[in-house]
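Below is one structure, written out as structure tokens; comments come after it.
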Amino acid sequence: MPTFKYQAVLPTGVSIFGVFDAEDQNVLQSYLQSRNMTLVNATELSISSVLSGQNQELPRMLQLRIGDRLREALLTDMPAHVAVRAIAAEPIEHPVLMSMPWLLVSSVFASVVMMLLSILIPDGRPGLVISAGLLPMLVVSLWAVSWFWFVYRPRRMLLRMADQLERGQHGSFTGLGLLPGELSTIMNSQLSSQTKATAVAELVPTLSGMRLKSHHFAAMFLSPLIALTLLLMGMHVMLISIVVQFKEIFLGFGVELPGITMLFISLSDIASSLGLPGLFAMATFMIAALVLLHILLVLPKTAELWESVPGLGLSVRWLMQARVARILGVLVRNRVGPADAITIAAQASGFSSVAESGKRIAEVIESGTPELAYTRQLSGLPLSLLFRVSGSKNSEAARQETAQAFQSYASALEQAASGNGSFIAVLFQMLIVVSAGLLVGFMVIALFMPLIKLLNDLSMIVWWLP
């Protein structure tokens, strides 16, 4: 029996996409008419022989691809628990998991470098060998923990939610485990159980994309600081290896050293007293500081601290607005009232000031006033579109178009935040490059100035000799 991919429309004008096994197009058209849908076009699909040779009908979930077509599936009156369970079967990606293979390769490379250093530096051989063996194991352990936290837990939460919906339990979905802030806000709202389930199920795949944008922005901002960290670690190695040898040469000259040379020799004495443990301690401290700064930039509740920073705060605010817009789109699409939608989305932003602004805007929407209260934090969003779906006479098509508009605005805001972050990163990179050049230049001058002075004194002596 051939499989048709079709496009149909509801009496309200909403387009429906799907696939169906039928003997011919007339049978498909009759089937759609029985479901009060009008066929627009249909195309016969070519199914792989591997699938067709199993003599089993393709699962409805596989045909509809709920992970990509959740809205269309729900509009065809599919049970909510089936749709949520299908979402749980979709692949879940996360920026941390995507970076783990690269981190593992980097850790193996670092282990090889430490093994080579253990040959060149006999004094630090035990610590280097132990570190070289533990570093890949630490990354593998971190990978396993990340998979449990970002893949297993969300999937388990969705499956348990689907089970509760199937059993007809209309409680608050308690006992689902620790949820992200956006999902917790929806779960703790006063929405119906089915609306909560469908909204959360649609938002779970979207969260990975939102988190990826936040991590990408934080990585762009932190990349110059990572370069600065590597520069300082390299300077520490030079102070305990190269400057020490120059110090022994200078002491043999018996000449007065310039002040800048004495400064680097004093720094070399401090670094030599700390040795390799000091290098590892400095590296650990800097890496911990970078990780903490990354977390403060990524988490919604801590990102509000950066909003007042010039330049950086603009990208933070745009990412927050994109998060609010995406949640608004999901809620409006799932038939949540505009006042409740803006209240929940503003609270899910993680900004306390935005949550208060959302409540004020909800009051304006409920009063029916055509002018919204101005808020600086949400000034980039087309909140006036919420009046389009505030009445009961609005069609489903208007609701879907409004939801799509919020999704489009969210994508535009995320791109703007990424562009602004790239500009800030370029400025920081220029500053780091100039600082590194000046530091290396001063170090070269400090090390070679005594040699130049010595050669000048020797030339004067030779000149005056008879």
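Heads up: numbering here begins at 1 and tracks the sequence. Keep in mind the model is a prediction, meaning the values are calculated, not measured.
- Considering every non-hydrogen atom in both Met282 and His236, the closest pair reads CE-CB, 3.7 Å.
- Between atom CE of residue Met114 and atom OG of residue Ser111 there is a gap of 4.5 Å, rounded to the nearest 0.5 Å.
- Between Thr185 and Ile327, the closest side-chain pair of non-hydrogen atoms is not below 4.5 Å.
- Residues Ala417 and Ser315 approach most closely at O-OG, 3.3 Å, considering heavy atoms.
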Item to check | Verdict with supporting geometry, Arg333 and Phe406, side-chain contact (heavy atoms from CB on, under 4.5 Å) | outcome: CA-CA 10 Å; Arg333 180 179 294 121; Phe406 279 117; over 6 Å; no

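- Between Arg399 and Thr402, the side chains place no donor N or O within less than 3.5 Å of an acceptor N or O (distance only, hydrogens not considered).
- With hydrogens and angles disregarded, no donor-acceptor distance shorter than 3.5 Å links the side chain of Ser418 to the backbone of Gln415.
- Side chains of Pro11 and Asn36 form a contact here, defined as non-hydrogen atoms less than 4.5 Å apart.
- Inter-residue side-chain proximity for Val139 and Val108 is flagged as unmet; no heavy-atom pair is nearer than 4.5 Å.
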Checklist entry - Given Leu191 and Asn334, is the side-chain contact (heavy atoms from CB on, under 4.5 Å) satisfied, shown in steps? => result CA-CA 11 Å; Leu191 303 177; Asn334 287 277; over 6 Å; no

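- Between Leu103 and Leu142, some side-chain heavy-atom pair lies under the 4.5 Å cut-off.
- At a threshold of 4.5 Å between non-hydrogen side-chain atoms, the residues Met37 and Val9 do not count as touching.
- At most 12 heavy atoms of other shown residues, nucleotides or ligands fall within 6.0 angstrom of atom CZ in Phe428.
- Rounding to the nearest 0.5 angstrom, the gap separating the OH atom in Tyr31 from the CZ atom in Phe4 is 14.5 Å.
- Counting only heavy atoms from C-beta outward, the side chains of Val140 and Met100 never approach each other to under 4.5 Å.
- To the nearest 0.5 Å, the span separating CG on Leu104 from CG on Leu135 amounts to 9.5 Å.
- For Pro101 against Trp143, the heavy-atom pair with the smallest separation is CG-CH2, 3.9 Å.
- A distance-only check finds a donor-acceptor pair linking the side chain of Ser408 to the backbone of Gln404 [under 3.5 Å].
- Nearest heavy-atom pair, Ala425 versus Pro224, reported as atom, atom and distance to 0.1 Å: O-CG, 3.7 Å.
- Rounded to the nearest 0.5 angstrom, Leu331 CG and Asp340 CG are separated by 9.0 Å.
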Next on the checklist: Assess the residue pair Leu32 and Leu28 against the criterion (side-chain contact (heavy atoms from CB on, under 4.5 Å)); give the C-alpha distance rounded to whole Å, side-chain angles, the decisive distance to 0.1 Å, and a yes or no.
Outcome noted: CA-CA 6 Å; Leu32 294 177; Leu28 172 62; 4.2 Å; yes

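- At least one donor-acceptor pair closer than 3.5 Å links the side chain of Ser349 to the backbone N or O of Ala346.
- In this structure, Phe280 CZ and Ile287 CD1 are separated by 10.5 Å, a value rounded to the nearest 0.5 Å.
- Scanning both residues, Ala339 and Thr343, for their nearest heavy atoms gives O-OG1, 2.8 Å.
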Next on the checklist: Is there a side-chain contact (heavy atoms from CB on, under 4.5 Å) between Trp318 and Leu314? Walk through the geometry before answering.
Outcome noted: CA-CA 6 Å; Trp318 282 341; Leu314 187 60; 3.5 Å; yes

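- Between Met320 and Val316 there is no side-chain heavy-atom pair separated by less than 4.5 Å.
- Heavy atoms only, all atoms of each residue included: Thr229 and Met286 are closest at CG2-SD, 3.4 Å.
- The distance from atom CE of Met235 to atom CE of Met443, rounded to the nearest 0.5 Å, is 4.5 Å.
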